[in-house]
**Student:** 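Pasting a structure here, questions to come.
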Amino acid sequence: MTTLLYGLVSTLLFNSFGLVFTCAMLLIVLFKLAIYKNLVKGPSEKMINLLAFTIILVVFVAIGFSNLVEMFVSLLLGACALKTIQAKTKKQAMSVQLLNFFVYPCFFIFSQNVLSLLFVLALLVINLAQMLWIEHEIELHSAIRQATKHLLLALPLAAIMVVLLPKVSPFWQLPGAKKTQTGLSEDIDPFEISELSRSDELVFRAILPDNAQMKPPFYWRTLVHDKFDGKRWRISAHHDVPLQAPYRAVGESYTIIARPSGKTWLYNLGQAKSVTRGVNTNHFGTLFMQNNLSSSMEYQVTPIHVTGAGMVNWQYRLNTALPEEINPLATAMAIRWDNATDNTADFIEQMKQYFIEHRFRYSLKPARISDRDSIDTFLTETREGFCGHYAASAAFMLRAAGIPARLVSGYLGGEYNEERGYYSVYQYDAHAWVEYYVPQQGWYRLDPTAWVAPDRLIGSLSELTELEDEFKDNLGLSLMTYSNLALVNWVRLQIEQLDYQWTRWVLNFDHQKQSRLLRDLFGQYHRVLPALSVFLLLIAMFVARFWYLQRKQLVKLPEAVRLHHAICKLAGKELHKLTPSQALLTLKSQYPGLSRELEEFNQYFIKSRFSQAQLTKAEATRMKALGRLIIKKAKK
């Protein structure tokens, strides 16, 4: 069973461990099954050492030193799996089971959602049941029942300790425990953003105030790409520089609950600031952290307007720069429109009419364009694409006309949960759009995708009925793929809400939230009473447990034994530690008038305790009567 569970854990962590290590673990599982079925003999010590060396080699080759957390967890998993093959005695088997209390919780390093919690709890129940089964040789179903009972009894205490015990900052972080699942990158080819529609992984949730200023479409700004090399858009060196320009708040604050991304960037609408510790605003008005986001995080966002942020010469050159001799058709088109118009708004209107009149189409599966003049090919030949095609083409033509422009990558929309009032944004909601600069006014958003697919601006990509087939084909095997089935969709939404509550109230229960809660509960004594309460609670539980065990032992004593002990106490000595015959001699010498009753009681007691024949009902009744009679007469 334990080896099978190791194989299951390795398979679930396939994305982190890779194909080679997972296959190696599955081979160990098959080897263990063959031993269990007596198809092969157990390996010798020499063979075990050879397998251990092979596992180490596999880990170093498949995982390497780039991620020490994954390397150590995989080594631990492989070592435990080999130990299960080697274990032949009860003591060795118990050693493996004890190690599992450290091995199974390692799953949380890679995934911290509520499904992972249930999975790890199930593993711990099975592990504890196996220990009971090995140590006490009780039936497995009885062991599982006892293990479940013990775990359920422990959970309330664990919850109380999490709430009341002072939280301290982590001693270490998981630098790369979770490989980034996001398709966004500082260096992107916008024509490749369609790959994001293949992932239904949650990126973040947003809790917005219910007012007129917070209405769709929601453009979640993440990265601003202001350097273009002819194919790829890159970020400049200012993304990790805190904002220096003056600003003012322009709206009501809202909350973002971000999932681990392994990156430093965060998500916000428009330009924003945050009061959450560790969250900074850069020159572009987007949010970032100094360290990679390795665990779920909740932060507050306040919309701002940056004042006095004019464009200097180097910024103008950067945001109008284009490589020479690429996309000549798009360049000529932009110059022609620029000559025919007097301002940026009219230029953009010319561009919009071109897309509409030539019947451009929004598609998640456009024809692949790989040539050097990809924008020319898109504008004049294929005329079918997704957000990356339209944003890249518009930004190029704006720059070709001398209008500062940059590409923005982030997410558009989100799935709204009416019951809880929050938006869920998934990887397939990734989007790209354009920002262009108007002198003396600032940067404006332009989304050319809206010209050909206006419905894309509302809700999530999953709600765009026109592209339902393409979307589900891209997504593959997923609950979202079958969301048209009422039951499947209901299950998906229930899991989503459960995960929201788990993330909001457990994963994001940080030091600040705990301080506010304890202050509300204990007032001015919030620094002392919580820890004292836990201390007193633990003492009370140990006392209660001790009393329960003693009571349980007393209850287990048969009535014949209890009567025998009571009679022995009449002599004022520990006669119950002697043999029944020795105790009888002492009692008869001390109570000669009860010799006959003592003799008869002793016969029944010996029969009940040492004979294979059970007392009859009449004999048991007679023994009880004799016991009570002896005690009654002796005390007179």
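All values below come from the heavy atoms of this structure, side chains included, with hydrogens, waters and symmetry mates left out.
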**Student:** Find the distance between NE2 (His564) and OG (Ser608) and round it off to the nearest 0.5 Å.
**Tutor:**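 Reported to 0.5 Å precision, the distance equals 10.0 Å.
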**Student:** For Tyr104 and Leu5, which heavy atoms make the closest approach, and how far apart are they?
**Tutor:**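 Shortest heavy-atom contact: OH-CD1, 3.5 Å.
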**Student:** Can you list everything that forms a side chain to side chain contact (heavy atoms under 4.5 Å, CB included) with Leu153? Sequence neighbours excluded, please.
**Tutor:**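 With neighbours one apart ignored, the set is Lys149.
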**Student:** For Asn417, give me all partners under side-chain hydrogen bond (donor to acceptor under 3.5 Å, both in side chains), at least two apart in sequence or on another chain.
**Tutor:**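 Per chain and number, Asn417 pairs via side-chain hydrogen bond (donor to acceptor under 3.5 Å, both in side chains) with Tyr422.
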**Student:** What are the two closest heavy atoms between Tyr500 and Arg205, and how far apart are they?
**Tutor:**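 So the minimum-distance heavy-atom pair works out to CD1-CD, 3.4 Å.
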**Student:** Decide side-chain contact (heavy atoms from CB on, under 4.5 Å) for Phe119 and Leu8; before the verdict, give the C-alpha distance in whole Å, the side-chain angles of both, and the deciding distance to 0.1 Å.
**Tutor:** CA-CA 11 Å; Phe119 177 66; Leu8 176 61; 3.7 Å; yes
**Student:** For Ile207 and Gly421, work out which heavy atoms get closest and say how close.
**Tutor:**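 So the two residues come closest at CG2-O, 4.1 Å.
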**Student:** Are any non-hydrogen side-chain atoms of Leu537 and Ile160 less than 4.5 angstrom apart?
**Tutor:**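 Yes, close enough: below the 4.5 Å cut-off.
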**Student:** With rounding to the nearest 0.5 Å, note down the distance linking CG in Leu578 to CG in Leu587.
**Tutor:**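 So the gap between those two atoms works out to 9.5 Å.
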**Student:** Would the distance check show the side chain of Asn49 and the main-chain N or O of Lys46 forming a donor-acceptor pair, the cut-off being under 3.5 Å?
**Tutor:**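 Side chain of Asn49 to backbone of Lys46: no pair is present.
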**Student:** Do Glu201 and Tyr428 get their side chains close enough for a donor-acceptor pair, meaning under 3.5 Å?
**Tutor:**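 No pair is found: no donor N or O on one side chain lies under 3.5 Å from an acceptor on the other.
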**Student:** Just checking, any donor-acceptor pair under 3.5 angstrom between side chains of Ser424 and Glu496?
**Tutor:**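 Checked: Ser424/Glu496 side chains pair up, N/O donor to acceptor below 3.5 Å.
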**Student:** Which residues pass the salt bridge (charged side-chain N to carboxylate O under 4.0 Å, His left out) test with Lys607, not counting sequence neighbours?
**Tutor:**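 Residues passing salt bridge (charged side-chain N to carboxylate O under 4.0 Å, His left out) with Lys607: Glu619.
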**Student:** Roughly how far apart are Glu298 CD and Ser296 OG, rounded to 0.5 Å?
**Tutor:**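 Glu298 atom CD to Ser296 atom OG measures 10.5 Å (nearest 0.5 Å).
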**Student:** Between Val103 and Asn100, is a side-chain contact (heavy atoms from CB on, under 4.5 Å) present by the stated rule, with each step listed?
**Tutor:** CA-CA 5 Å; Val103 174; Asn100 287 341; 4.3 Å; yes
**Student:** Check whether His150 reaches the backbone of Gln146 with its side chain - one donor and one acceptor, N or O, closer than 3.5 Å.
**Tutor:**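 Yes.
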**Student:** Residues in salt bridge (charged side-chain N to carboxylate O under 4.0 Å, His left out) with Glu415, at least two apart?
**Tutor:**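 Salt bridge (charged side-chain N to carboxylate O under 4.0 Å, His left out) check on Glu415 returns Arg492.
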**Student:** Listed by chain and number, what are the side-chain hydrogen bond (donor to acceptor under 3.5 Å, both in side chains) partners of Lys577, not counting sequence neighbours?
**Tutor:**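 Listed in chain order: Glu574.
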**Student:** When rounded to the nearest 0.5 angstrom, what distance separates CG in Leu575 from OG1 in Thr586?
**Tutor:**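 Going from the CG atom of Leu575 to the OG1 atom of Thr586 covers 5.5 Å.
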**Student:** With sequence neighbours excluded, what pairs up with Leu117 under the side chain to side chain contact (heavy atoms under 4.5 Å, CB included) test?
**Tutor:**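 Here the qualifying residues are Phe108, Leu121, Trp502.
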**Student:** Can you find a pair of side-chain heavy atoms, one from Leu128 and one from Leu151, that are under 4.5 Å apart?
**Tutor:**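 With C-beta onward as the side chain, the pair stays apart.
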**Student:** Is there side-chain contact between Ile144 and Thr148, with at least one heavy-atom pair below 4.5 Å?
**Tutor:**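 Yes, close enough: below the 4.5 Å cut-off.
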**Student:** So, do Ile256 and Trp220 sit near enough that their side-chain heavy atoms are less than 4.5 Å apart?
**Tutor:**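 Result yes, sub-4.5 Å side-chain heavy-atom pair found.
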**Student:** Do Leu538 and Val534 touch side chain to side chain, with heavy atoms closer than 4.5 Å?
**Tutor:**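 Contact flag for Leu538/Val534 side chains = yes.
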**Student:** What is the distance from atom CG of Leu51 to atom CD1 of Ile56, rounded to the nearest 0.5 Å?
**Tutor:**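 CD1 of Ile56 is found 11.0 Å from CG of Leu51.
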**Student:** Mind checking side chain to side chain contact (heavy atoms under 4.5 Å, CB included) for Met297 and listing every partner two or more places apart, or none if nothing turns up?
**Tutor:**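 Thr276, Val279, Met289, Leu293, Tyr299.
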**Student:** Using every non-hydrogen atom in the two residues, find where Ala147 and Ala129 come nearest and quote the distance to one decimal.
**Tutor:**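 In this case the closest contact between Ala147 and Ala129 is CB-N, 3.7 Å.
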**Student:** Side chains of Ile495 and Leu115: does their closest heavy-atom pair fall under 4.5 Å?
**Tutor:**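 Of all side-chain heavy-atom pairs linking Leu115 with Ile495, at least one is under 4.5 Å.
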**Student:** Mind checking the CG-CD spacing from Asp499 to Gln501? Nearest 0.5 Å is all I need.
**Tutor:**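 Asp499 atom CG to Gln501 atom CD measures 10.0 Å (nearest 0.5 Å).
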**Student:** Return all side-chain donor-acceptor pairs below 3.5 angstrom for residues 71-85, not counting sequence neighbours, or 'none' if the list is empty.
**Tutor:**
unit_1, atom_1, unit_2, atom_2, d
Ser74, OG, Glu70, O, 2.9
Ser74, OG, Met71, O, 2.7
Thr84, OG1, Thr3, OG1, 3.0
Thr84, OG1, Ala81, O, 2.4

**Student:** Is it true that the side chains of Thr579 and Gln582 contain a donor and an acceptor less than 3.5 Å apart?
**Tutor:**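 A pair is found: one side chain offers a donor N or O, the other an acceptor, under 3.5 Å apart.
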**Student:** Please find the pair of heavy atoms, one from Ile606 and one from Pro580, that lie closest to each other, and give the distance.
**Tutor:**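 Ile606 and Pro580 have their closest heavy atoms at CG1-CB, 4.1 Å.
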**Student:** Under the rule for salt bridge (charged side-chain N to carboxylate O under 4.0 Å, His left out), what residues qualify as partners of Lys624, not counting sequence neighbours?
**Tutor:**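 Testing Lys624 for salt bridge (charged side-chain N to carboxylate O under 4.0 Å, His left out), a comparison that skips the adjacent residues, returns Glu559.
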**Student:** Return the set of residues passing salt bridge (charged side-chain N to carboxylate O under 4.0 Å, His left out) with Asp187 (not counting sequence neighbours), or none when no residue passes.
**Tutor:**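 With neighbours one apart ignored, the set is Arg232, Arg234.
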**Student:** Which residues satisfy the side-chain hydrogen bond (donor to acceptor under 3.5 Å, both in side chains) test with Gln603, sequence neighbours excluded?
**Tutor:**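 With sequence neighbours excluded, Gln603 shows a side-chain hydrogen bond (donor to acceptor under 3.5 Å, both in side chains) to no residue whatsoever.
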**Student:** Are the side chains of Leu287 and Asn280 in touch, meaning some heavy atoms are under 4.5 Å apart?
**Tutor:**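 Of all side-chain heavy-atom pairs linking Asn280 with Leu287, none is under 4.5 Å.
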**Student:** Are Leu493 and Glu419 side-chain neighbours, meaning at least one heavy-atom pair lies under 4.5 Å?
**Tutor:**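 SC-SC contact between Leu493 and Glu419 ruled out.
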**Student:** What are the two closest non-hydrogen atoms of Ile55 and Ala24, and how far apart are they?
**Tutor:**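 Minimum heavy-atom separation between Ile55 and Ala24: CD1-CB, 4.3 Å.
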**Student:** Classify the ring geometry of Phe204 against Tyr267: parallel below 30°, tilted from 30° to 60°, perpendicular beyond 60°.
**Tutor:**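 Parallel, since the angle between the ring planes stays under 30°.
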**Student:** So, does Gln497 use its side chain to make a donor-acceptor pair with the main chain of Gln494 at under 3.5 Å?
**Tutor:**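 Pair absent, no side-chain N/O of Gln497 close to backbone of Gln494.
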**Student:** With Ile134, which residues qualify under side chain to side chain contact (heavy atoms under 4.5 Å, CB included), at least two apart?
**Tutor:**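 Scan of Ile134 (side chain to side chain contact (heavy atoms under 4.5 Å, CB included), adjacent residues dropped) gives Lys90, Ala93, Met94, Gln97.
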**Student:** Does Leu563 form a side-chain contact (heavy atoms from CB on, under 4.5 Å) with Phe601? I'd like the steps, not just the answer.
**Tutor:** CA-CA 10 Å; Leu563 283 172; Phe601 176 84; 3.9 Å; yes
**Student:** Go through the steps to decide whether Leu4 and Leu33 satisfy the test side-chain contact (heavy atoms from CB on, under 4.5 Å), and finish with yes or no.
**Tutor:** CA-CA 9 Å; Leu4 286 174; Leu33 288 175; 4.3 Å; yes
**Student:** Answer yes or no: does atom CZ of Phe101 have more than 12 heavy-atom neighbours from other residues, nucleotides or ligands under 6.0 Å?
**Tutor:**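 Above 12, so yes.
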**Student:** Ignoring hydrogens and geometry, is there a side-chain-to-backbone donor-acceptor pair from Ser274 to Gln300 under 3.5 Å?
**Tutor:**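 Present.
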